[in-house]
Amino acid sequence: MKYIIANWKANFGTTETKTWCESVGAKLMEGSKLNTMFEENRLTVIICPPFPLIPIVKASLPQIKNLHIGCQNVSEYEKGSYTGEVTAATLSGNVKYAIIGHSERRQYFHETEDAIGLKIGNALKAAIEPVLCIRGVSDTIHEYAQYIAYEPVDAIGSGNNASLDLVLGVKQKMGIRPPKAFLYGGSVNEKNCKLYLENPEIDGLLVGSASLNPEAFCSIITQV
Ligand code: PGA
């Protein structure tokens with residue numbers, strides 16, 4: 001199974017979301033090779049929009065096996081008086097996956113490994129599968145996270161995607177092996193995705209900027 005995850009970050013409003021879903025939805029429905037990939041559990045696509053756009057994506061995309069919705073964070077708190085937080089319990093049933101510990105959250109929102117551990121626990125309790133992002137070998141591989149996305153900070157949003165050697169080296173050094181899935185993210189686009197997709201050691205891609213463009217994103221999906 002290869003996983004392609006779209007991380008929209010803090011982009012898009014209602015109109016852009018509907019346009020994107022129409023375009024991507026049509027493309028996903030048209031290809032018979034893609035249909036087979038989804039049906040035979042060879043491809044999973046996960047769209048991670050900002051929270052308020054989740055129901056719009058859900059309503060606007062066609063129902064396809066192995067096409068799922070995720071979120072980009074969950075609260076470290078289970079519930080209660082935490083104004084502005086969105087808990088895993090609230091998200092339960094609305095998303096199947098949650099990106100957790102993204103480097104932008106570690107940097108701008110000061111997420112610690114302890115907080116990330118709590119988030120993973122809360123997600124799992126709410127039947128949401130965490131996708132743990134790590135920046136490199138000094139980050140913790142939390143035991144219960146089955147999906148690990150390696151995203152070197154200098155590769156994110158820079159156009160400088162990491163070399164295969166670096167990606168595979170980190171996987172090996174950190175001892176990441178099945179049943180954990182190992183994904184790469186950082187300046188992945190329709191031109192460089194093949195490099196990673198062709199490698200049996202890499203189970204998928206976390207795509208930021210290129211996921212905002214329906215053509216680029218669909219091109220990545222069709223190269224799986
Ligand atoms: P990028 O972002 O594809 O724009 O580099 C990836 C990410 O931060 O998940």
Side-chain angles (χ1 to χ4, degrees), residues 2-12 16-17 20 24 44-51 53-54 57 68-74 95-111 115-116 119-120 123 128-142 145-164 166-168 170-171 174 176 180-199 202-224:
K2 294 275 185 189
Y3 298 86
I4 305 291
I5 306 181
N7 178 9
W8 286 5
K9 307 191 181 183
N11 292 292
F12 284 0
E16 292 154 308
T17 299
W20 188 97
V24 171
T44 290
V45 174
I46 303 159
I47 316 299
C48 302
F51 294 127
L53 301 176
I54 289 169
V57 173
H68 296 294
I69 299 175
C71 56
Q72 303 168 20
N73 182 33
V74 303
V95 298
K96 196 165 156 56
Y97 295 86
I99 296 172
I100 290 180
H102 191 282
S103 63
E104 288 155 7
R105 297 213 55 88
R106 296 179 194 247
Q107 182 182 355
Y108 303 129
F109 305 100
H110 315 293
E111 272 185 17
I116 289 167
K119 287 169 187 235
I120 290 170
I128 297 169
E129 198 59 61
V131 177
L132 171 65
C133 296
I134 54 160
R135 300 162 297 182
V137 291
S138 50
D139 286 340
T140 305
I141 305 287
H142 292 263
Q146 290 298 313
Y147 297 83
I148 311 293
Y150 169 49
E151 298 204 300
V153 172
D154 58 4
I156 295 179
S158 63
N160 299 320
N161 58 300
S163 70
L164 203 52
L166 176 69
V167 176
L168 298 180
V170 166
K171 182 184 180 193
M174 299 193 80
I176 301 167
K180 287 195 194 298
F182 178 72
L183 285 74
Y184 168 73
S187 295
V188 170
N189 59 36
E190 69 278 27
K191 296 195 186 84
N192 61 29
C193 60
K194 198 89 184 164
L195 174 71
Y196 310 102
L197 290 172
E198 275 175 353
N199 195 292
I202 299 174
D203 301 300
L205 297 169
L206 183 44
V207 188
S209 337
S211 76
L212 298 173
N213 178 320
E215 285 75 38
F217 187 60
C218 289
S219 166
I220 294 170
I221 294 172
T222 51
Q223 290 179 64
V224 171

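Since this is a predicted model, take the numbers as computed values, not measurements. Read the numbers this way: they start at 1 and go in the same order the structure lists the ligands and their atoms.
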Participant: I need the minimum non-hydrogen distance between M174 and D139, along with the two atoms involved.
Facilitator: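 Heavy atoms of M174 and D139 come nearest at CE-O, 3.2 Å.
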Participant: Could you tell me the residue and atom name of the protein heavy atom closest to atom 2 (O) of ligand 1, and the distance to it rounded to 0.1 Å?
Facilitator: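 Looking only at protein heavy atoms, the one closest to atom 2 (O) of ligand 1 is K9 NZ, 3.3 Å.
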Participant: Strictly under 4.0 Å, does any heavy atom of G157 approach an atom of ligand 1?
Facilitator: yes
Participant: What protein heavy atom is closest to atom 9 (O) of ligand 1, reported as residue, atom name and distance in Å?
Facilitator: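 For atom 9 (O) of ligand 1, the nearest protein heavy atom is E151 OE2, 2.7 Å.
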Participant: Which of the numbered atoms in ligand 1 are under 4.0 angstrom from any heavy atom belonging to L206?
Facilitator: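 What qualifies from ligand 1 is 9 (O).
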Participant: Would you check if K96 and I46 make a side-chain contact, meaning some heavy-atom pair closer than 4.5 Å?
Facilitator: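 Side chain of K96 against side chain of I46, heavy atoms only: no contact under 4.5 Å found.
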Participant: Checking a contact table here: which protein heavy atom is nearest atom 4 (O) of ligand 1, and how many Å away?
Facilitator: S209 OG, 2.4 Å
Participant: Got V167 and Y196 here, is their nearest side-chain heavy-atom distance under 4.5 Å?
Facilitator: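 In contact.
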Participant: With heavy atoms of H102 as the reference, note each atom of ligand 1 found under 4.0 Å away.
Facilitator: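 Contacts of ligand 1 toward H102, numbered from 1: 7 (C), 8 (O), 9 (O).
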Participant: Would you mind telling me if ligand 1 is within reach of the side chain of N7, the backbone, both or neither, using heavy atoms under 4.0 Å?
Facilitator: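 Under 4.0 Å from ligand 1, N7 contributes side-chain atoms alone.
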Participant: With sequence neighbours left out, write down each residue that passes side chain to side chain donor-acceptor pair (under 3.5 Å) with Y3, or none if nothing qualifies.
Facilitator: Y147
Participant: Between H102 and Q72, is there a side-chain donor-acceptor contact under 3.5 Å, judged purely by atom types and distance?
Facilitator: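 Their side chains do not contain a donor-acceptor pair, so the 3.5 Å distance test is not met.
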Participant: Does an N or O from G208, backbone or side chain, lie closer than 3.5 Å to an N or O of ligand 1?
Facilitator: yes
Participant: For ligand 1, is G186 a contact, meaning one of its heavy atoms is under 4.0 Å away?
Facilitator: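 Within the 4.0 Å threshold, so yes.
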Participant: What pair of heavy atoms forms the shortest contact from V95 to G70, and how long is it?
Facilitator: CG1-C, 3.7 Å
Participant: With H142, which residues qualify under side chain to side chain donor-acceptor pair (under 3.5 Å), at least two apart?
Facilitator: E113
